[in-house]
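Working notes, structure below.
All values below were derived from every heavy atom in this structure, side-chain atoms included, with hydrogens, water molecules and symmetry-related copies excluded. When a residue number appears, it is its place in the shown sequence, counting from 1.
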Amino acid sequence: MNLILLDNEETSICWSPNEPRAKHVREILRLGVGDNFIVGIKNGRMGRARILEDNTEGMRLEISLQWAPPAILPIHLLIGLPRPQVARRLLREMPSLGVKKVTFFSAEKSELSYRQSRLWSTGEWRKLLSEGAELAFSTHIPTIQHADNLSQAVENLEACQIRIAFDLYETEGPFDRHSINPYENAILLAFGPEGGWAPRERQVLRDQDFRLLSLGARVMRVETAVIAATALASAHLGKIGKPLVT
């Protein structure tokens, strides 16, 4: 972990001796009384925690929140529901990408069983997002939504002039800096499932004013395409911020 997430803003907290976060600080970070480490409030500010006590009664911390987290990117991702193991990798990466929202939809080429995975029926997906945020040195937890199909996913989208769907086979052209107006305040990026878009889904996208663009001549894995497209969109929007100086 590059920071440790806390649930609420408090000036001091006390973890039990066996609290996983206390064990991480003690055994992995190798910190003791008087040492500091970085903490953040979920979807809130960041700062330092100072270890005041660490004994059989627990680890007592003094919290000082000092910085705003990295800015959230005005990007909403629409992703055809992939296999659970692929979704797990994506969920870990979402906080590091800094996107605002992700909608997973059951595409025509998605397996119906994917939605019933333990990933979604338990709290595992939330844990993966938190772990991703801690690794990303960020407190932002992207909003995750589900839709039964693409039509439902695009039904009530926020007003947005930049709507791009990635398609290798029926593309208008490459996704480059000319694809984005940096003065727009939001962007939608849509990705088909591992089997690609069905003809009916392409028509839905066109009806909703999405441009079909490509990320090059090679077929990419879903997670590779999401990361590549989001990074390019961040650069095209001029939203790549400076590292946080602590």
Side-chain angles (χ1 to χ4, degrees), residues 5 40-44 68-82 84 86-107 110 114-115 117 119-120 123-166 175 179-193 197 201 204-205 208-211 213 215 222-241:
L5 284 178
I41 309 303
K42 289 182 179 180
N43 295 312
I72 301 169
L73 294 175
I75 296 175
H76 180 178
L77 304 180
L78 306 180
I79 303 174
L81 193 63
V86 174
R88 288 182 175 92
R89 292 195 290 268
L90 280 168
L91 288 165
R92 286 193 185 95
E93 294 298 332
M94 291 307 171
S96 63
L97 294 177
V99 298
K100 180 180 180 180
K101 185 187 301 183
V102 184
T103 299
F104 289 99
F105 62 92
S106 295
S110 296
Y114 294 169
R115 187 76 177 269
S117 165
L119 168 65
W120 304 113
E124 182 184 356
W125 64 276
R126 292 188 179 89
K127 182 180 178 182
L128 292 170
L129 286 173
S130 293
E131 290 175 355
E134 289 174 326
L135 289 170
F137 204 72
S138 173
T139 62
H140 171 59
I141 306 294
T143 299
I144 304 295
Q145 299 176 331
H146 286 272
D148 292 337
N149 50 54
L150 178 60
S151 295
Q152 186 184 88
V154 300
E155 203 169 54
N156 297 305
L157 290 174
E158 300 172 8
C160 173
Q161 292 186 11
I162 303 177
R163 298 186 176 194
I164 295 169
F166 294 96
F175 179 51
S179 309
I180 288 180
N181 178 352
Y183 298 103
E184 295 293 343
N185 60 8
I187 180 171
L188 290 161
L189 302 178
F191 304 83
W197 300 109
E201 290 172 329
V204 168
L205 291 167
Q208 291 290 330
D209 298 323
F210 280 82
R211 296 184 63 197
L213 300 178
L215 290 167
V222 173
E223 61 266 43
T224 304
V226 169
I227 293 170
T230 304
L232 286 171
S234 303
H236 298 336
L237 288 168
K239 298 291 186 179
I240 297 180

*Phe104 and Trp120: aromatic ring centres closer than 6.0 Å?*
yes
Testing the basics here: between [X] and [Y], what is the closest heavy-atom pair and its distance to 0.1 Å?
{"X": "Leu129", "Y": "Pro95", "value": "O-CG, 3.3 Å"}
{"X": "Gly44", "Y": "Thr139", "value": "O-OG1, 2.7 Å"}
{"X": "Trp197", "Y": "Gly192", "value": "CZ2-N, 3.1 Å"}
{"X": "Tyr114", "Y": "Pro84", "value": "CD2-CD, 3.9 Å"}
{"X": "Pro82", "Y": "Ala87", "value": "CG-N, 3.9 Å"}

Roughly how far apart are [X] [atom1] and [Y] [atom2], rounded to 0.5 Å?
{"X": "Glu155", "Y": "Leu150", "atom1": "CD", "atom2": "CG", "result": "11.0 Å"}
{"X": "Leu91", "Y": "Ile144", "atom1": "CG", "atom2": "CD1", "result": "5.5 Å"}
{"X": "Ile72", "Y": "Lys101", "atom1": "CD1", "atom2": "NZ", "result": "11.5 Å"}
{"X": "Ser110", "Y": "Arg115", "atom1": "OG", "atom2": "CZ", "result": "10.5 Å"}
{"X": "Ile75", "Y": "Thr230", "atom1": "CD1", "atom2": "OG1", "result": "5.5 Å"}
{"X": "Leu215", "Y": "Phe191", "atom1": "CG", "atom2": "CZ", "result": "7.0 Å"}

Using a 3.5 Å distance criterion without hydrogens, assess whether the side chain of [X] forms a donor-acceptor pair with backbone atoms of [Y].
{"X": "Arg163", "Y": "Gln208", "result": "yes"}
{"X": "Trp125", "Y": "Arg88", "result": "no"}
{"X": "Asn149", "Y": "Ala107", "result": "no"}

Beyond-backbone contact of [X] with [Y], side-chain heavy atoms, under 4.5 angstrom:
{"X": "Leu188", "Y": "Ile164", "answer": "no"}
{"X": "Val99", "Y": "His140", "answer": "no"}
{"X": "Val102", "Y": "Thr143", "answer": "no"}
{"X": "Lys42", "Y": "Ser130", "answer": "yes"}
{"X": "Glu93", "Y": "Leu90", "answer": "no"}
{"X": "Val226", "Y": "Leu97", "answer": "yes"}
{"X": "Ser151", "Y": "Val204", "answer": "yes"}
{"X": "Met94", "Y": "Pro142", "answer": "yes"}

*Between Leu119 and Leu128, does a side-chain contact (heavy atoms from CB on, under 4.5 Å) hold up when you go through it step by step?*
CA-CA 10 Å; Leu119 168 65; Leu128 292 170; 3.7 Å; yes
*Before giving the answer on side-chain contact (heavy atoms from CB on, under 4.5 Å), spell out for Glu201 and Phe105 the whole-Å C-alpha distance, their side-chain angles and the decisive distance to 0.1 Å.*
CA-CA 12 Å; Glu201 290 172 329; Phe105 62 92; 4.3 Å; yes
*Under the side-chain contact (heavy atoms from CB on, under 4.5 Å) rule, what do Ser96 and Ile227 come out as? Steps first, then yes or no, please.*
CA-CA 10 Å; Ser96 63; Ile227 293 170; over 6 Å; no
*Could you check Ile162 against Leu189 for side-chain contact (heavy atoms from CB on, under 4.5 Å), going step by step and ending with a plain yes or no?*
CA-CA 9 Å; Ile162 303 177; Leu189 302 178; 5.9 Å; no
_For Thr103 and His146, which I'm curious about, is there any donor-acceptor pair between the side chains at under 3.5 Å?_
no
